Amino acid sequence: MTSGDELAEALAAGYPELAEVAAAAPDPVYLVGGAVRDLLLGRGRADIDLVVEGDPGDLAAALGAEILESHSRFGTFKLALGAATCGRDEVLDVASARRESYVRPGALPTVEPGAPIRTDLARRDFTVNAMAVALAEPRELIDPYDGQADLEAGVLRVIHAGSFVDDPTRAIRAARYAARFGFGVEPGTRELLQATDLGTVTPERRGAELRKLAEEASAVRALELLAGWGLIEPREGGESFALARDVDRLMAAPPWSEEADRAESILAAALGPWAGEDRLAKVSPATPSEGVRLARGHDPIELVLARAAGARWLDDWLRWREVSLEITGADLTAAGLTGPAVGEALERALTAKLDGKAPTRADELRQALEPPR
Ligand code: ATP
């Protein structure tokens, strides 16, 4: 177990700029959430989330910090701590300690600022995320739900039984953390997860949380957990996400990592909406020009999915698509072509060039002007 002294030392070493914040703060201020969790895990720096028992505006003024964003309804601020204070530009998320309540399942919370830190911790998702460290000496850990013990045991546990009813996006967060840290889920929390209704939140909020999940290195494992709890339906049926796993592998390195967004591709492979990759994976173009025609018009994500599903010819297509003509439409109009005939002639020339039949500019022009057979 990390002692109070060890934690204070880790905090001082990991976040030296917070000493300045502590010295200037007119009200009690705490480091909360993921940064505390990651300090206890020995994982190094994370985003800085601070909670003040007071007005974050007063803290900003006392620090002389630039306010990058402020949302008065939620009492949250994004501050830039200038290089003069901490040696580099640092962004802090600062919120006033608040009480939250939910008017109906899945609604955005009603926020009442001006609560004590422990009340603020009570609104959080999991015990391991519901810890705080006071920035003022002696910098003690505030851990009302035994999050430190859960961290050491590798267990994810909600703080209260209504947690996923209030905010079902926490179920997606649960999968994200369980997969990222290799944590187990406490049995009571698992039962609550299995009873969660993701349908009470808007598709936008659900999508945003899934997107965060998909950005993680352990995305596919997290999706499997969600499917195991019955909260998502794999596009392929069952609980496995074989195609998503293949996409993940394919996109670990160039060239395919550069073709599309990894997170979106994994989600598409796992949950849809695309389903056309099989068609592209089953064909095998006889010539480069046929490959270029087959791939044309497909979204990059579809092509990534097709390649992951076995369309090896798409590796060659990455080269084929770079082939371009030296001649232009102007050359063809000069030669007397007009209207759609120009496009058709260019297409003929490109086909010939792709298939090795027009190595020179003169060959391109000849192929373009050759009457169609
Ligand atoms: P990471 O950024 O490493 O994924 P984090 O804990 O910093 O983890 P954030 O999404 O930045 O994650 O949230 C910060 C903190 O806010 C969390 O640690 C948690 O205490 C709280 N929190 C965030 N979202 C929710 C939520 N939907 N319900 C309850 N508490 C939440």
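Residues take their numbers from the sequence shown, with the count starting at 1. Atoms within a ligand are numbered from 1 in the order they appear, just like the ligands themselves. Computed from a prediction, not measured in an experiment: that's the story for all the values here.
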Going by heavy atoms, is [X] under 4.0 Å from ligand 1?
X    : value
Y177 : yes
D47  : no
R123 : yes

Legend entry - Nitrogen or oxygen atoms of G34 and ligand 1 under 3.5 Å apart: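 In this structure, G34 places an N or O atom under 3.5 Å from an N or O of ligand 1.
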Inset, instruction - Could you tell me whether a side-chain N or O of E364 sits under 3.5 Å from a main-chain N or O of E326, the two making a donor and an acceptor? - result: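 At least one qualifying donor-acceptor pair exists.
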Legend entry - atom 3 (O) of ligand 1 protein-contacted, heavy-atom criterion under 4.0 angstrom: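 Looking at atom 3 (O) of ligand 1, one finds that a protein heavy atom does lie closer than 4.0 Å.
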Inset, instruction - Report the residue from R173, R176, R157 that forms a salt bridge (Lys or Arg N to Asp or Glu O under 4.0 Å) with D125. - result: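 The passing option is R173.
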Inset, instruction - Give the single entry among D49, V158, V51, T169 that approaches atom 11 (O) of ligand 1 most closely by any heavy atom. - result: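 Considering heavy atoms of D49, V158, V51, T169, the nearest to atom 11 (O) of ligand 1 sits in D49.
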Inset, instruction - Fit a plane to each ring of W320 and W313, take the angle between them on a 0 to 90° scale, and name the class: parallel (under 30°), tilted (30 to 60°) or perpendicular (over 60°). - result: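 Taking W313 first and then W320, their aromatic rings lie parallel (interplane angle under 30°).
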Which atoms of ligand 1 are found less than 4.0 Å from any heavy atom of [X]?
X    : answer
K212 : 10 (O)
R176 : 4 (O)
N129 : 6 (O), 18 (O), 19 (C), 20 (O)

Legend entry - Which segment of D167 sits under 4.0 Å of ligand 1 when only heavy atoms are counted: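 It is the side chain that touches ligand 1; the backbone stays farther off.
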Inset, instruction - Measure R180 to ligand 1 on non-hydrogen atoms and call it side chain, backbone, both or neither using the 4.0 Å cut-off. - result: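 R180 to ligand 1: side-chain contact only, backbone stays beyond 4.0 Å.
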Inset, instruction - For atom CZ of R296, decide whether the heavy atoms of other residues, nucleotides or ligands shown that lie under 6.0 angstrom number more than 12. - result: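 Yes, the 6.0 Å shell around CZ holds more than 12 heavy atoms from other groups.
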Under 3.5 Å donor-acceptor pairs involving side-chain atoms of residues 260-267, not counting sequence neighbours:
from : atom 1 : to   : atom 2 : distance (Å)
D261 : OD1    : R211 : NH2    : 3.3
D261 : OD2    : R211 : NH1    : 2.9
D261 : OD2    : R211 : NH2    : 3.4
D261 : OD2    : A263 : N      : 3.2
D261 : OD2    : E264 : N      : 2.8
R262 : NE     : D248 : OD1    : 3.1
R262 : NH1    : A214 : O      : 3.0
R262 : NH1    : E216 : O      : 3.4
R262 : NH2    : E216 : O      : 3.0
R262 : NH2    : D248 : OD1    : 3.2
S265 : OG     : D261 : O      : 2.7

Legend entry - Partner residues of F183 under the ring pair (Phe, Tyr, Trp, His ring centres under 6.0 Å) criterion, sequence neighbours left out: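 Here the qualifying residues are F181.
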Inset, instruction - Treating Ile, Leu, Val, Met, Phe, Trp and Tyr as nodes and any side-chain heavy-atom pair under 4.5 angstrom as an edge, say whether I117 and L31 lie in one connected cluster. - result: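 Not linked; separate clusters.
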